[in-house]
Amino acid sequence: MAAPATDAFQLTAAVSDLTAWLIQQGLEDAPVEEWLEECCERLVAAGIPILRVNVTTRAHHPEIGAVAFRWFRGGESEQFEFQRTGTVGDDYRLSPLYYLLINGKRELRQRLDVPAPEHWFPIFDELVALGATDYLAMKRFFLGTDHDQPVDPSKGAEGMTISIVTDAPGGFSEVALRELRALIAPLSLTLKSAANRRMAEDISAAYLGRDASQRVLSGALRRGSCEAIPAVIWYFDLQGFTALSETLPGPDIIAMLNDYFAEAVDAVQSRGGNVLKFMGDGMLAIFNLDTMPDARAVAIEAAAALRDTVGQMNAARKAEGLPVTGFTLGLHAGDVLYGNIGGRTRLDFTVIGPAVNTTARILGMSGPVGQNIVISSAVAQPLREVRPDLVSLGAYRLRSVTERQELFTLD
């Protein structure tokens with residue numbers, strides 16, 4: 001039955017106001033979970049008794065493939081992150097959203113209170129148990145305009161899917177459907193704004209590191225713009241990698257690199273350090289002494305933890321018949337220049353300075369002193385009373401370093 005003209009006019013006016021509000025949320029980069037909750041509540045207040053809304057969008061993250069935001073009337077809003085696996089799980093394969101994507105449809109509507117439904121998916125049983133009477137799902141791409149094209153769900157696409165459920169007797173009215181469809185474009189635009197910001201944060205953090213990412217996104221883009229900071233420099237390198245790369249197949253080399261780098265990155269980032277770059281089989285990281293006064297102790301703790309973790313990992317890899325290797329690690333502390341270095345259109349956010357060069361020389365001493373962890377006195381000396389496992393290796397003249405350096409290792 002058609003809605004009364006007055007009610008229809010009021011609903012259209014409310015959705016028009018909601019459209020302007022959504023665009024403002026996008027301009028202000030409001031969190032998705034906050035504006036989605038208020039959007040749904042406004043729709044209910046306007047006369048569309050929405051029971052549940054689920055919005056899903058693709059993520060640009062090394063481990064997270066998609067993010068979903070879910071709202072329940074009278075309940076807590078939820079956020080879900082789906083791991084990037086390259087395969088499609090059975091739950092998703094049997095969902096209406098999967099059907100919507102692979103069949104090249106921009107919309108799927110199914111009344112849930114009819115005796116002979118055209119479509120039925122396992123989730124509909126759950127929704128009916130909650131009192132749902134109608135289900136509407138739509139997809140929109142952020143790039144391109146052909147919303148009817150099929151999509152490979154394992155690869156994803158720039159865009160969103162949204163499902164809206166009502167418990168209104170008789171399902172969605174034609175007026176409600178018309179206004180919900182009209183709302184999809186501004187809702188997609190607002191979500192795209194948030195998704196683009198998250199994409200920038202995720203990609204820059206993955207390739208630059210968390211701290212450098214925040215600095216770049218905050219405007220630190222000018223070539224040559226650097227900040228002098230005191231830091232503990234952490235220079236990690238795998239042992240015997242060249243020989244291994246000449247004997248192992250390429251995929252095995254990549255898998256091995258990823259396994260060892262995963263542990264090295266976790267040792268640094270889980271303790272507040274920042275990984276700056278990977279260089280072949282090496283890794284450069286820093287612990288900022290300005291923001292972490294105990295960075296010396298934290299960096300040494302990270303080194304000791306990594307030594308134990310790699311030992312355990314090597315035992316497990318040997319048991320599986322996989323190749324193993326060790327690592328060398330140089331630690332030094334000093335002032336570094338932290339910022340943008342590079343060409344006019346291709347920059348690297350990194351650290352440079354004598355302290356960085358000295359750390360590389362200290363790393364190179366691991367062979368001559370017969371230790372895989374070598375630590376300068378600038379890091380070790382202030383901690384000798386609290387870390388009796390710091391053992392002096394003697395003083396050495398390092399190439400291109402003016403002063404002799406007393407070196408230490410962990411017993």
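Throughout, residue positions are numbered sequentially from 1 according to the sequence presented.
- In this structure, R109 contributes its side chain and L177 its backbone to no donor-acceptor pair below 3.5 Å.
- Rounded to the nearest 0.5 angstrom, T409 OG1 and I375 CD1 are separated by 6.0 Å.
- Counting only distance, with no hydrogens or angles, the side chain of Y396 and the backbone of L393 share a donor-acceptor pair below 3.5 Å.
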Q: Test F241 against I253 for side chain to side chain contact (heavy atoms under 4.5 Å, CB included), laying out the working first.
A: CA-CA 9 Å; F241 180 77; I253 284 291; 3.6 Å; yes
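- Without hydrogens or angle criteria, T325 side chain to Q239 main chain gives a donor-acceptor distance under 3.5 Å.
- Note: F236 and W234 have parallel aromatic rings, judged against thresholds of 30 and 60 degrees for the angle between ring planes.
- Side chain of T19 to backbone of V15: a donor-acceptor contact under 3.5 angstrom is found.
- Side-chain contact between S77 and E34 is absent, with no heavy-atom pair separated by less than 4.5 Å.
- Open room surrounds CG on D411; 12 or fewer heavy atoms of other groups in view lie less than 6.0 Å from it.
- With 3.5 Å as the limit, one finds a donor-acceptor pair spanning the side chains of T12 and R178.
- Using modelled atom types, one side-chain atom of T166 and one backbone atom of P49 make a donor-acceptor pair closer than 3.5 Å.
- Of all non-hydrogen atoms in A304 and R387, the two that sit nearest each other are CB-NH2, 4.4 Å.
- Of all heavy-atom pairs spanning M138 and L100, the tightest one is C-CD2, 3.6 Å.
- Within the 4.5 Å cutoff, no side-chain heavy atoms of H119 are placed close to those of P96.
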Q | Verdict with supporting geometry, R317 and M256, side chain to side chain contact (heavy atoms under 4.5 Å, CB included) | A | CA-CA 10 Å; R317 288 178 67 89; M256 186 178 75; 3.5 Å; yes
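- Outside the 6.0 Å centre-distance limit, the rings of Y260 and F327 are not counted as a close aromatic pair.
- Residues L331 and F408 have side chains not in contact (no heavy-atom distance under 4.5 Å, counting atoms from C-beta outward).
- Using bins of under 30°, 30° to 60° and over 60° for the plane-to-plane angle, the ring pair F121/F124 lands in the perpendicular bin.
- Side chain of T161 to main chain of K139: no donor-acceptor pair is present (N/O by atom type, distance under 3.5 Å, no hydrogens or angles).
- Between R42 and D17, none of the side-chain N atoms (NZ, or NE/NH1/NH2) sits under 4.0 Å from a carboxylate O, so this pair counts as no salt bridge.
- Between L257 and D281, some side-chain heavy-atom pair lies under the 4.5 Å cut-off.
- In this structure, L127 CG and Q110 CD are separated by 11.5 Å, a value rounded to the nearest 0.5 Å.
- Closest approach of V374 and S366 over heavy atoms only: CG2-CA, 3.7 Å.
- Within the 4.5 Å cutoff, side-chain heavy atoms of V265 are placed close to those of F278.
- In terms of modelled atom types and a separation under 3.5 Å, the side chain of N103 and the main chain of K105 share no donor-acceptor contact.
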Q: Using the side chain to side chain contact (heavy atoms under 4.5 Å, CB included) rule, take R215 and Y338 through it: C-alpha gap first, then chi angles, then the decisive distance, then the call.
A: CA-CA 11 Å; R215 290 170 182 259; Y338 184 36; 3.3 Å; yes
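- Taking CE of M313 as the start and CG of D308 as the end, the distance is 12.5 Å to the nearest 0.5 Å.
- Taking the side chain as every heavy atom from C-beta outward, Y235 and H332 never approach each other to under 4.5 Å.
- In terms of modelled atom types and a separation under 3.5 Å, the side chain of N340 and the main chain of L347 share no donor-acceptor contact.
- Nearest approach of V53 to C40, heavy atoms of both residues: CG2-SG, 3.7 Å.
- Applying the side-chain contact (heavy atoms from CB on, under 4.5 Å) test between S376 and each of Q405, M365, R361 identifies Q405 as the sole match.
- Side-chain contact between I229 and V336: present, with at least one pair of heavy atoms (C-beta onward) separated by less than 4.5 Å.
- Using a 4.5 Å heavy-atom cutoff, the side chains of R296 and L289 are in contact.
- Looking at every heavy atom in both residues, F172 comes nearest to D134 through N-OD2, 2.9 Å.
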Q: Please lay out, stage by stage, how D167 and L130 fare under the test side chain to side chain contact (heavy atoms under 4.5 Å, CB included).
A: CA-CA 8 Å; D167 57 356; L130 296 173; over 6 Å; no
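- In Y207, the OH atom is not crowded: 12 or fewer heavy atoms of neighbouring residues, nucleotides or ligands sit closer than 6.0 Å.
- In terms of modelled atom types and a separation under 3.5 Å, the side chain of T57 and the main chain of G159 share a donor-acceptor contact.
- Shown here is D91, whose CG atom has no more than 12 heavy atoms of other residues, nucleotides or ligands within 6.0 Å.
- Closest heavy-atom contact between V232 and A299: CG1-CB, 3.6 Å.
- The main-chain N or O of A355 is found under 3.5 Å from a side-chain atom of T359 such that the two form a donor-acceptor pair.
- Here the straight-line distance linking atom CG of N54 with atom CZ of R70 works out to 4.5 Å at 0.5 Å rounding.
- Rounding to the nearest 0.5 angstrom, the gap separating the CD atom in E385 from the CG atom in L390 is 12.0 Å.
- The distance from the SG atom of C39 to the CD1 atom of I50 is 7.0 Å, given to the nearest 0.5 Å.
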